[in-house]
Every structure is written in structure tokens, then in C-alpha cells.
Q: 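Let me begin by handing over the structure; questions about it come next.
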Amino acid sequence: MSMRYLSQHILNRSDDLSLTSLRSSRRLFLLQLFLLSACGTKATSGRRERIVVGVVSYDQGQQIITRYTKFNDYLGRETQSLIEFEPAFNENKALERIQSGSWSLVFAPPGLAATAIVQHQYLPLFPLIGVSNLRSVLVVRQDSPIQNLKELAGKTVALGQPGSATGYYWPIYNLYGLTLGEILFAPTPKAVLELLDQGKAVAGALSLEEFNAYRSQFSQNKFRVLHTDPHRVPAGAVLIGPTVERNRQEQIRKVMSEVPSVLSQEAGYVPNGDVPDYQYMISVVQQVAPITANVRKKPANLF
């Protein structure tokens, strides 16, 4: 083999190797680009922001989870968020979550809404569906000799949980100035009537609507209304938390205002409704707040 031929052969071989190396490098680059893209997509997906949705469930259990499933799916999809749904058994448990700032979005009954607004900087977005003129009542057993609020002095009274407008704030406001023997805190409105039925309390507070709904589960004419507060309690509201960034708040508000009507009805709010006026309700919360430490004492001085 001549030196010229050998040199040319080496050059040709070198070109082939260079071309092969170039193609291999290009394939390796494209593979690395694909892997980086896939990892980036996965990382972006993993960094989806959370929206923690809170509600008061009482004893509804699985029913309330089912009720909000479609709405939560829609909200997560439209905001590209991870939705965490947290039902709280009563207002007191809900208040703990609000105080810690854990809930991004709250479907709050009126007393809880007023407390969250005035004490924890939550903002109202939409009114909840439901009775907008709730009334707080104090009820006694039908055979009770008590005829007015003053006669409850020194007696045991059942209230709802802190955060409840009709079961906690309004009755304390109405009983202001009295010294009660003891206050029992019922976990649910129905439990208020159970305490009266069992003779553990002589009077109990709940809403008139709740009283009419649950009284039929006890002996006929077992209870009577001792006092009805004259003030109308506003409807509840959907609230958004102060830890949610401002632009994010607006995104959530916009998505919720454009939700299909069937989903807003299931979730229980009015997307085009006016936010309830909580001004007077807030004033009641503020007047009750200074004596909340007294309500768990025996005797309970409501002043």
C-alpha cells in the first residue's frame, strides 16, 4: 500500500469517525435536552401551589366531602393548584385553623366569618347560600318554671362553640351582666337540645332554624323558646386568607365567579351575590371578646 493511499485512507477513516462522533454527540445532546425538559416539567408540577379549603361539617362526615368534590376538582384545574379539603367538626375547630392561618379559603358561617374578618384579616369574597336572616334563640324545657333571662342567674346554660353567631356570640351578648352557675359548650346545635333533654342544662342557645329542624327528634313539645334575639344575623361568606398573595387572591376570585352554576350551588355560595354586611355582627364579636376568659369559669361572670 502506497504512503499516499494510506494517508488518504486514514483521512477518510478520520472523517467517518468524526461524522459518527458528531452524530453521537448530537443524539446525546438531544437526549439530555429531553431529560432536562421532562425533569423541569416534573419539578414545575411538583411546585404547584396549595389551596386549603376549610368548612364546618358538624356531623355530616363523608356527605360533605362528596358535596365539595366537583367544586374542588374545578378549582384545582382552573388555578393549576393542589386542593386540600379540610372539614372541621365545629366552629371552634375551624377557628383554630383560621387562627393559625392554615386555611386559604373558608366557607364560613356568619359568626366565624365576622371573627375571621375582624381578628385574622380574612377577606369576604361571596355570600353563602342559606337563610340570610337567622335568629338566635334561648330555649328551655316545656316544664321549666323559668320565664325570663334574669332567672337564668346561677343556672347551667348550654351554648354552642366559640365562633358560632347564634349559639355563642348572640346569647352571651343577651346574657351580659349575669353570673351563670356554669356554661356547657355543646359540639353541635343538636347537642344543645340533648343537654336540655338530659337535664344537664336548664337553657340552651342555637338558631331558630336549627331549633325547628332538630326539635322533632325529641318528645313532642319537649321545649319552648324563652327568648328570641331581635337582630337578624347575616348569611355566611366565602373568605380568603391573608397568606394568599394578592394576585393569587384575584385569580381565585375570578375562577370562583365564573364557576358553572351547578358547582357553585353544590358548594353553597352565590358567585354574583353581594358580600354580607358584617358591621353589626363584628361589633357584637368585639363586645363579647373581653369576657371570653370568664365563660369557662365556674361561676361564669358575663361581665
Q: Let me see the working for N212 and E209 under side chain to side chain donor-acceptor pair (under 3.5 Å), right down to the final yes or no.
A: CA-CA 5 Å; N212 290 330; E209 290 69 24; over 6 Å; no
Q: Backbone N or O of G111 within a donor-acceptor pair of the T115 side chain at under 3.5 Å?
A: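 Side chain of T115 to backbone of G111: a pair is present.
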Q: Sub-3.5 Å donor-acceptor pair from the side chain of Y168 to the main-chain atoms of G163, do we have one?
A: no
Q: Would you name the heavy atoms of G236 and P276 that are closest together and state the gap between them?
A: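 Minimum heavy-atom contact is O-CG, 3.6 Å.
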Q: Salt bridge (Lys or Arg N to Asp or Glu O under 4.0 Å) between K222 and D197: does it pass, once the steps are laid out?
A: CA-CA 8 Å; K222 184 78 174 184; D197 184 49; 3.2 Å; yes
Q: How long is the straight-line distance from CG of L95 back to CD of Q119, given to the nearest 0.5 Å?
A: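 Those atoms lie 7.5 Å apart.
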Q: Does D73 form a side chain to side chain contact (heavy atoms under 4.5 Å, CB included) with I83? I'd like the steps, not just the answer.
A: CA-CA 8 Å; D73 288 346; I83 305 299; over 6 Å; no
Q: Mark yes or no for whether Y169, through its side chain, and A289, through its backbone, hold a donor-acceptor pair below 3.5 Å.
A: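 Looks like no, no N/O pair under 3.5 Å.
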Q: For the ring pair F303 and Y176, is the centre-to-centre distance below 6.0 Å?
A: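 No.
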Q: Where the side chain of S207 meets the backbone of E210, is there a donor-acceptor pair that is under 3.5 Å apart?
A: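 Side chain of S207 to backbone of E210, a donor-acceptor pair under 3.5 Å: yes, one is there.
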Q: Under a 3.5 Å distance rule, please check whether T66 uses its side chain to pair with a backbone N or O of Q62 as donor and acceptor.
A: yes
Q: Is the shortest distance from a Lys or Arg side-chain nitrogen in E266 or R67 to a carboxylate oxygen in the other one below 4.0 Å?
A: no
Q: So, does S164 use its side chain to make a donor-acceptor pair with the main chain of Q161 at under 3.5 Å?
A: no
Q: Is there a donor-acceptor pair closer than 3.5 Å between any side-chain N or O of S136 and the backbone N or O of T166?
A: yes
Q: List the steps, then state whether side chain to side chain contact (heavy atoms under 4.5 Å, CB included) holds for V275 with F126.
A: CA-CA 5 Å; V275 172; F126 309 100; over 6 Å; no
Q: Does the pair N174 and D229 meet the rule for a side chain to side chain donor-acceptor pair (under 3.5 Å), with working shown?
A: CA-CA 8 Å; N174 289 320; D229 186 274; 3.0 Å; yes
Q: Is R246 salt-bridged to E250, cutoff N-O under 4.0 Å?
A: no
Q: Can you tell me how far apart CD (E78) and NZ (K254) are? Round to the nearest 0.5 Å.
A: 9.5 Å
